[in-house]
Protein chains: 2
Amino acid sequence: MKPKPKLTLLAETFNVSVATVSNALSGKGRISPDLAQRIRDKAREIGYVPSSAGRALRTGRSGVLGLVLPDISNPLFPQIAQAIEQAASTRGYGVLIGDARGSSEGQSEAISRLMERGVDGMLVIPRRGTRVTDIRRPLAMIDSPSTPGNTVSADHRDGGVKMGAYLAELGHRHVLIVAMSSRSIVQADRIEGVKQGLGERARVELIFTDDIAEQDGSVGSLGLADYIARGVTAVATLSDLTALRALTELQGAGFSVPDRVSVTGFDDLIWSSAITPGLTTMRADMAEIGRLAVEALVKSIERPDQAERTESGTVKAKVDRVPMALVIRSSSGEARSAETQP
Amino acid sequence: MKPKPKLTLLAETFNVSVATVSNALSGKGRISPDLAQRIRDKAREIGYVPSSAGRALRTGRSGVLGLVLPDISNPLFPQIAQAIEQAASTRGYGVLIGDARGSSEGQSEAISRLMERGVDGMLVIPRRGTRVTDIRRPLAMIDSPSTPGNTVSADHRDGGVKMGAYLAELGHRHVLIVAMSSRSIVQADRIEGVKQGLGERARVELIFTDDIAEQDGSVGSLGLADYIARGVTAVATLSDLTALRALTELQGAGFSVPDRVSVTGFDDLIWSSAITPGLTTMRADMAEIGRLAVEALVKSIERPDQAERTESGTVKAKVDRVPMALVIRSSSGEARSAETQP
DNA sequence: ATTATCCGCTTAAACGATTAATCTATAACT
DNA sequence: AGTTATAGATTAATCGTTTAAGCGGATAAT
């Protein structure tokens with residue numbers, strides 16, 4: 001059991017001061033190339049690892065970013081977490097997670113906890129309708145382009161437009177949009193997009209699963225059969241989880257997908273490609289979003305002078321929205337022509 | 001813009017030394033109750049937050065745990081992450097995430113990164129067949145009771161037994177088990193359990209989706225129709241994702257679930273309750289597992305003398321396995337009697 | 001010969017908290 | 001009165017790193 005190597009140990013073995021060792025390792029200051037190399041070699045050999053606490057205390061930076069999510073159990077979380085962890089670790093930062101547990105108070109608490117832990121900056125995926133305030137550190141917000149203070153996010157409206165246009169092209173003129181929450185900005189943007197993409201001539205109906213759950217008391221049927229009877233040929237959901245509900249409900253009721261009715265989702269979650277039929281959905285380039293958000297945040301941390309801010313005080317990325325991509329699988333197809341309908 | 005409050009600021013306003021302030025806030029040392037209270041009030045008023053770097057440097061502890069996962073994109077991740085974040089923050093610890101990105105090298109790198117960040121201990125969900133080594137800090141491992149060094153985990157074998165027994169009780173005598181990887185200890189334990197639960201008399205077939213993917217080249221059909229033709233009345237998958245594949249494949253092929261064939265899953269992932277029919281599955285008490293793992297880890301950090309270790313050096317929890325619970329929904333039902341089969 | 005310039009390294013002061021050791025009145029006891 | 005406890009503070013060291021400033025001595029410029 002050797003003592004954990006510190007700068008002083010290294011300094012002693014070379015009979016130099018710790019300052020020289022520090023310079024050798026950091027590459028700053030003036031030091032003879034030869035000695036510097038020898039110190040670096042030795043450091044690697046004995047497995048020297050700088051103390052993050054010592055460094056943090058001196059430099060005032062911890063090298064850690066906070067990631068605050070509305071609810072970790074949201075199935076979108078893995079995608080975002082992975083993208084951000086990747087982007088952060090590439091840039092030499094660690095990621096501390098904070099769960100809002102579905103409430104605004106939880107969100108505030110999570111933010112406080114992370115602040116107390118000394119994060120250098122924060123990435124927040126806000127709970128709908130919450131304002132993040134009292135942050136004295138750089139903050140990147142990931143929500144939707146139309147959210148005030150949004151740093152970068154998928155262009156949900158664009159995604160909606162693409163999905164709507166795709167369905168229109170397949171001949172769908174009567175579409176049911178199934179959203180979850182009426183208070184989510186993301187969902188609102190998607191709704192708008194889908195409507196626009198479908199065009200003026202299309203007949204569009206809209207339901208919210210949250211409302212159904214409230215009336216119904218539990219997670220029951222969406223009652224899709226009625227809509228199909230009324231002539232709906234496509235069910236455009238705004239999340240893959242809803243798409244899954246719709247798809248299984250329809251399949252269980254004997255409606256063939258996509259022959260009788262098309263079903264589409266959003267977000268390309270893990271199961272979209274595993275089910276039969278494969279789910280046509282809209283994918284966000286999470287890796288890119290994570291990269292941009294982290295890049296902007298890190299820039300704001302390391303070069304506060306050069307970094308731009310939004311009016312809300314959040315950091316500004318090079319672009320504030322990244323386009324979504326249509327992933328066509330087998331759950332969507334041409335609309336059943338009107339005359340062959342029962 | 002006031003300067004960030006430190007101990008010295010507090011000390012100055014009360015004309016006492018920083019030591020006194022520190023004592024007042026920590027409750028240690030000797031200090032007059034009155035002054036202590038006044039200091040605490042003032043500290044709250046001006047929003048004093050101790051510097052984690054200063055404290056970490058002095059005490060040698062960061063108050064942060066590392067969480068290493070084989071692959072964040074695994075849909076099981078949200079459950080675990082949420083449970084652990086909750087348990088950790090209850091005990092005053094933060095959670096730093098590390099993604100192994102599916103490889104053993106990635107796992108080693110993730111562990112190194114977290115070590116360099118100065119975590120006090122680590123929670124590792126190991127990639128199958130990897131040994132975690134060279135950790136000079138308390139380590140909790142979450143995998144399966146039969147994994148050497150396992151700290152605590154769901155009792156996967158027990159879950160299998162319960163599922164098998166349940167199916168047997170429903171009259172299923174010919175069951176297809178669909179596993180994913182043949183190299184996963186967790187899955188092996190579940191397989192064993194299901195077989196035992198079904199009993200000697202049952203006829204059991206077993207396939208691995210990884211093998212199919214290799215032969216097939218892509219994520220294709222599981223070919224379940226053949227098995228049903230051969231008399232299989234229940235498909236017991238070892239993960240909800242596989243269950244979803246099976247369920248949709250069967251529904252799409254016109255087999256009624258559960259009338260014609262029962263389908264069961266494992267893990268009670270988010271969609272199990274959203275689909276139609278609701279998926280009968282096996283749930284692990286993640287909150288409890290997280291609690292136990294964090295408790296054991298924290299104990300080992302804060303009272304190294306009292307903490308027990310396994311032979312592998314990992315920390316030992318009060319119990320090393322927590323039972324799984326059968327969640328009966330609508331995807332399972334009585335076996336179709338042999339005579340009514342085609 | 002004098003001054004200026006660099007190089008290569010050392011000195012020493014932070015950063016902000018914790019804590020063992022010490023000091024000083026005051027209270028308590030004989 | 002003299003001794004001893006004790007409460008309530010202070011002093012000062014320490015954690016490990018970074019970094020501005022300084023210091024000889026050699027080389028170059030004037």
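Lettering of chains follows the sequences in order, A, B, ..., and the numbering in each one begins at 1. Since the model is a prediction, treat every value here as computed from it, not as a measurement.
- With hydrogens and angles ignored, the 3.5 Å screen pairs a side-chain donor or acceptor of T151(A) with a backbone N or O of V315(A).
- Taking 4.0 Å as the cutoff to heavy atoms of chain A, we find the contact window on DNA chain C bounded by dC7(C) to dG16(C).
- In this structure, the side chain of R40(B) engages the main chain of A24(B) through a donor-acceptor pair within 3.5 Å.
- The terminal axes of the helix from dA1(C)-dT30(D) to dT30(C)-dA1(D), fitted over 5 pairs per end, subtend an angle of 50° to the nearest 10°.
- Without hydrogens or angle criteria, S312(B) side chain to T314(B) main chain gives no donor-acceptor distance under 3.5 Å.
- Using a 3.5 Å distance cut-off with no hydrogens or angles, the side chains of S32(A) and D34(A) do not pair a donor with an acceptor.
- Side-chain atoms of D143(A) never come within 3.5 Å of backbone atoms of N150(A) as a donor-acceptor pair (strictly under, hydrogens ignored).
- For the pair R113(A) (side chain) and G98(A) (backbone), a donor-acceptor distance under 3.5 Å is absent.
- Among residue pairs with one or both ends in residues 11-43 of chain A, none qualify as ring pair (Phe, Tyr, Trp, His ring centres under 6.0 Å); sequence neighbours excluded.
- Remark: E288(B) pairs with R291(B) by the side chain to side chain donor-acceptor pair (under 3.5 Å) rule, at least two apart or across chains.
- Near-neighbour residues of DNA chain C inside residues 6-22 of chain A, defined by a heavy atom below 4.0 Å, number-ordered: N15(A), V16(A), S17(A), A19(A), T20(A).
- Contacts of R309(A) classified as side chain to side chain donor-acceptor pair (under 3.5 Å), with partners at least two apart in sequence or in another chain: none.
- For residues 93-107 of chain A, the side-chain hydrogen bond (donor to acceptor under 3.5 Å, both in side chains) pairs, not counting sequence neighbours, are Y93(A)-E302(A), D99(A)-Q82(B), R101(A)-E85(B), R101(A)-Q86(B), R101(A)-S89(B), Q107(A)-T130(A).
- Within residues 46-66 of chain A, the residues having any heavy atom under 4.0 Å from DNA chain C are, by residue number, L57(A), R58(A).
- Residue pairs satisfying the side-chain hydrogen bond (donor to acceptor under 3.5 Å, both in side chains) criterion with at least one member in residues 8-25 of chain A, sequence neighbours excluded, are listed as follows: S17(A)-T20(A).
- In terms of modelled atom types and a separation under 3.5 Å, the side chain of D120(A) and the main chain of G63(A) share a donor-acceptor contact.
- Annotation: proximity of residues 23-32 of chain A to DNA chain C (heavy atom, distance under 4.0 Å) is found for R30(A), I31(A), S32(A), numbered in ascending order.
- Remark: side-chain polar atoms of D71(A) are not paired, donor with acceptor, to backbone N or O of G102(A) under 3.5 angstrom.
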Using atom types as modelled, flag every donor-acceptor pair under 3.5 Å from a side chain in residues 44-53 of chain A to any protein atom, sequence neighbours excluded.
unit_1	atom_1	unit_2	atom_2	d
S51(A)	OG	A53(A)	N	3.3
S51(A)	OG	G54(A)	N	2.9
S52(A)	OG	R117(B)	O	3.2

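- With sequence neighbours left out, S26(A) forms a side chain to side chain donor-acceptor pair (under 3.5 Å) with no residue at all.
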